[in-house]
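Input: a single structure, listed below in structure tokens.
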Number of protein chains: 2
Amino acid sequence: MGKIIGREVTAEFSTEIGDFWKASHSQIYPELRRMVNDGWIKVSTSSDNAKEKYYEITATGKKTLDDWLNQLVTELPVHEDLFSLKLFFIKDMNDKRIPELISQQLVLLKKELNYLGCRRQKLFTNDTMIQNNYGHYLILMRAISRTQGQIQWLEEVQKQLEEK
Amino acid sequence: MGKIIGREVTAEFSTEIGDFWKASHSQIYPELRRMVNDGWIKVSTSSDNAKEKYYEITATGKKTLDDWLNQLVTELPVHEDLFSLKLFFIKDMNDKRIPELISQQLVLLKKELNYLGCRRQKLFTNDTMIQNNYGHYLILMRAISRTQGQIQWLEEVQKQLEEK
DNA sequence: CTTCACATGTAAGCCGTTACATGATTCG
DNA sequence: CGAATCATGTAACGGCTTACATGTGAAG
């Protein structure tokens, strides 16, 4: 119980966690090693599958995680996105790249919204699932709301630009 | 005209561009050098101030920038934020760290919203300013809308959590 | 028994940071 | 002329990526 192999950690960064944080296996394996060295997790090899290494959190690791969770977040992240960066360099209101960028961004956002909706349906089928993973539920719903908001805003801008 | 020194580029990444992209002077100076090597910009030293190096975009540089602007953005950025990451690890709906994280996040978002409002007032005093920097105006307004949306959403969650 | 998927690992490089260092200008 | 500020630059390092490399298990 509570044991996990590197491959599964990697998978989580493509699904669960992957919606808001990315990491590849090439980063994960060395990190696991460091965490073993630091005593945050311990490793055990199974007898029936020599290639797999089972990792498990230690008391020290739990403490470290808990301390980290108790620390307040003091800064907002910077929103580095190419969409904003490109728009920044376009001065002219009638530059036709503006509607192009917007419509492309809308394509991406709608795909994202659809994806997030699927995630919600898949992960949170009933109230029990929500109550037992409430933090995860919150950030997923927040992502959905944010994406909807952006779509709505961009569509309004799009409409205004067409009216000329 | 069109000439700028490294110090001023650095300053832009603290103000104008800094709202959605960060870079320190230690990154900028080497980059300027590379861009000179690549022929994207050219450098000239002024007679009256030996320490200043004036950079200016070349035709090649303009072409490169233009090509880049014409490329479609094909992926949304990942929203790496500590707020989401921490919430992800909190399973229990009644964990008191949830309202703590939310209220702290609201503090940060309101500060941000206020800052963005000031930027808007300062940079876009009249319609001419808007029309001559329309892309910049759009992303600023988008940031404001996004921040407002997040505040609203979090406040609703906060209210719902209090009702128990 | 060989092929393919699984599981782990390493290497090189990019982009960004903080900290450190240096020279030029300005101003009291 | 000494101190503060301006302007530039370097060093060390951290986190992340892509590409490369290796070994093991399962399945035809």
Side-chain angles (χ1 to χ4, degrees), chain A residues 3-38 40-56 64-65 68 73-82 84-86 88, chain B residues 3-38 40-56 64-65 68 73-82 84-86 88:
Chain A
K3 293 190 182 180
I4 191 170
I5 64 174
R7 171 73 220 225
E8 291 164 340
V9 176
T10 304
E12 290 232 330
F13 275 93
S14 305
T15 53
E16 314 297 286
I17 303 176
D19 293 335
F20 54 89
W21 210 285
K22 299 283 183 199
S24 59
H25 78 274
S26 328
Q27 185 183 6
I28 288 164
Y29 289 117
E31 289 297 344
L32 285 171
R33 195 175 183 174
R34 270 168 229 139
M35 288 165 85
V36 171
N37 287 339
D38 292 350
W40 295 7
I41 56 179
K42 63 182 176 185
V43 67
S44 57
T45 42
S46 161
S47 51
D48 57 309
N49 197 333
K51 77 186 167 190
E52 293 171 335
K53 290 188 184 176
Y54 289 85
Y55 295 98
E56 196 177 353
T64 306
L65 176 60
W68 175 73
V73 177
T74 56
E75 277 185 32
L76 293 177
V78 178
H79 295 280
E80 285 189 359
D81 67 314
L82 288 179
S84 293
L85 194 58
K86 290 195 177 187
F88 177 79
Chain B
K3 294 189 181 179
I4 190 171
I5 63 174
R7 172 72 220 227
E8 290 164 342
V9 176
T10 304
E12 290 231 330
F13 275 93
S14 304
T15 55
E16 313 297 286
I17 303 176
D19 293 335
F20 54 90
W21 211 284
K22 298 284 181 197
S24 59
H25 78 274
S26 327
Q27 186 182 5
I28 289 164
Y29 289 116
E31 289 297 344
L32 286 171
R33 196 176 183 174
R34 271 169 228 139
M35 289 166 85
V36 170
N37 287 339
D38 292 349
W40 295 6
I41 55 177
K42 62 181 179 185
V43 67
S44 56
T45 42
S46 161
S47 51
D48 57 308
N49 197 335
K51 75 186 167 187
E52 292 172 336
K53 290 186 184 177
Y54 288 86
Y55 294 97
E56 195 177 356
T64 305
L65 176 61
W68 175 74
V73 177
T74 57
E75 277 185 33
L76 293 177
V78 178
H79 295 281
E80 286 189 357
D81 68 312
L82 288 179
S84 293
L85 194 58
K86 291 195 177 187
F88 177 80

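Residue numbers start from 1 in every chain, and the chains themselves are labelled A, B, ... in the order their sequence lines are given, proteins ahead of strands. Everything quoted here is computed from the prediction, not taken from an experiment. Values below: every heavy atom of this structure, side chains too, minus hydrogens, waters and symmetry copies.
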Problem - Distance below 4.0 Å between A:Lys51 side-chain N/O and C:dG9 OP1 or OP2 - result: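 For C:dG9, OP1/OP2 do not have a side-chain N/O of A:Lys51 under 4.0 Å.
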
Handout entry: Under-4.0 Å side-chain N/O to phosphate OP1/OP2 contact, B:Tyr29 with D:dG9
Key =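 No, B:Tyr29 has no side-chain N/O under 4.0 Å of OP1/OP2 on D:dG9.
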
Problem - Test ring pair (Phe, Tyr, Trp, His ring centres under 6.0 Å) applied to B:Tyr55 - qualifying residues, sequence neighbours left out - result: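 Expected list: none.
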
Handout entry: Separation of A:Ser44 OG from A:Glu52 CD (nearest 0.5 Å)
Key =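 That separation rounds to 10.5 Å.
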
Would you mind reading off the distance between [X] atom [atom1] and [N] atom [atom2], rounded to a whole angstrom?
X       : N      : atom1 : atom2 : value
A:Glu12 : C:dA7  : CD    : P     : 15 Å
A:Glu52 : C:dC6  : CD    : P     : 12 Å
A:Glu31 : D:dT17 : CD    : P     : 11 Å
B:Glu80 : C:dT17 : CD    : P     : 14 Å
B:Phe13 : D:dT8  : CZ    : C1'   : 17 Å
A:Ile5  : D:dT24 : CD1   : P     : 16 Å
B:Lys53 : C:dG23 : NZ    : C1'   : 12 Å

Practice task
Only one of A:Met35, A:Arg34, A:Glu56 passes side-chain contact (heavy atoms from CB on, under 4.5 Å) with A:Ile41; say which it is.
Solution key: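 In the set A:Met35, A:Arg34, A:Glu56, the residue that makes a side-chain contact (heavy atoms from CB on, under 4.5 Å) with A:Ile41 is A:Met35.
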
Problem - Heavy-atom pair of closest approach, residues A:Asp81 and B:Pro77 - result: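 Shortest heavy-atom separation between A:Asp81 and B:Pro77 comes out as CB-CG, 3.4 Å.
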
Practice task
Locate the shortest heavy-atom distance separating B:Glu80 from A:Lys22; write the atom from each residue and the value.
Solution key: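 Scanning both residues completely, I find the closest heavy atoms to be OE2-N, 4.3 Å.
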
Practice task
Kindly point out which of D:dT8, C:dA7, C:dT10 is positioned nearest to the side chain of A:Arg33?
Solution key: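 Taking heavy atoms from C-beta onward, the closest nucleotide is C:dT10.
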
Problem - 5' precedence on DNA chain C between A:Arg7 and B:Arg34 (nearest-nucleotide basis) - result: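 The 5'-side residue here is A:Arg7.
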
Practice task
Decide yes or no for B:Arg7 and B:Tyr29: does some side-chain heavy atom of the first lie under 4.5 Å from some side-chain heavy atom of the second?
Solution key: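 The answer is yes; the side chains approach within 4.5 Å.
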
Problem - A:Lys86 side-chain N/O to B:Trp68 backbone N/O, donor-acceptor pair under 3.5 Å - result: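 Looks like yes, one N/O pair under 3.5 Å.
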
Practice task
Please check if the side chain of B:Glu12 supplies one atom and the backbone of B:Val9 the other of a donor-acceptor pair under 3.5 Å.
Solution key: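 Looks like no, no N/O pair under 3.5 Å.
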
Handout entry: Residues within residues 17-28 of chain B bordering DNA chain D, heavy-atom distance below 4.0 Å
Key =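 The stretch gives B:His25, B:Ser26 as the residues lying under 4.0 Å from the strand, ordered by number.
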
Identify the pairs formed between an N or O of the protein and an N or O of nucleotides 1-3 of chain C at a distance under 3.5 Å, and give each distance.
none

Handout entry: Of A:Phe20, A:Trp21, A:Phe13, the residue whose pairing with B:Phe88 passes ring-ring contact (aromatic ring centres under 6.0 Å, His included)
Key =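 Running ring-ring contact (aromatic ring centres under 6.0 Å, His included) over A:Phe20, A:Trp21, A:Phe13 with B:Phe88 returns exactly one hit, A:Phe20.
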
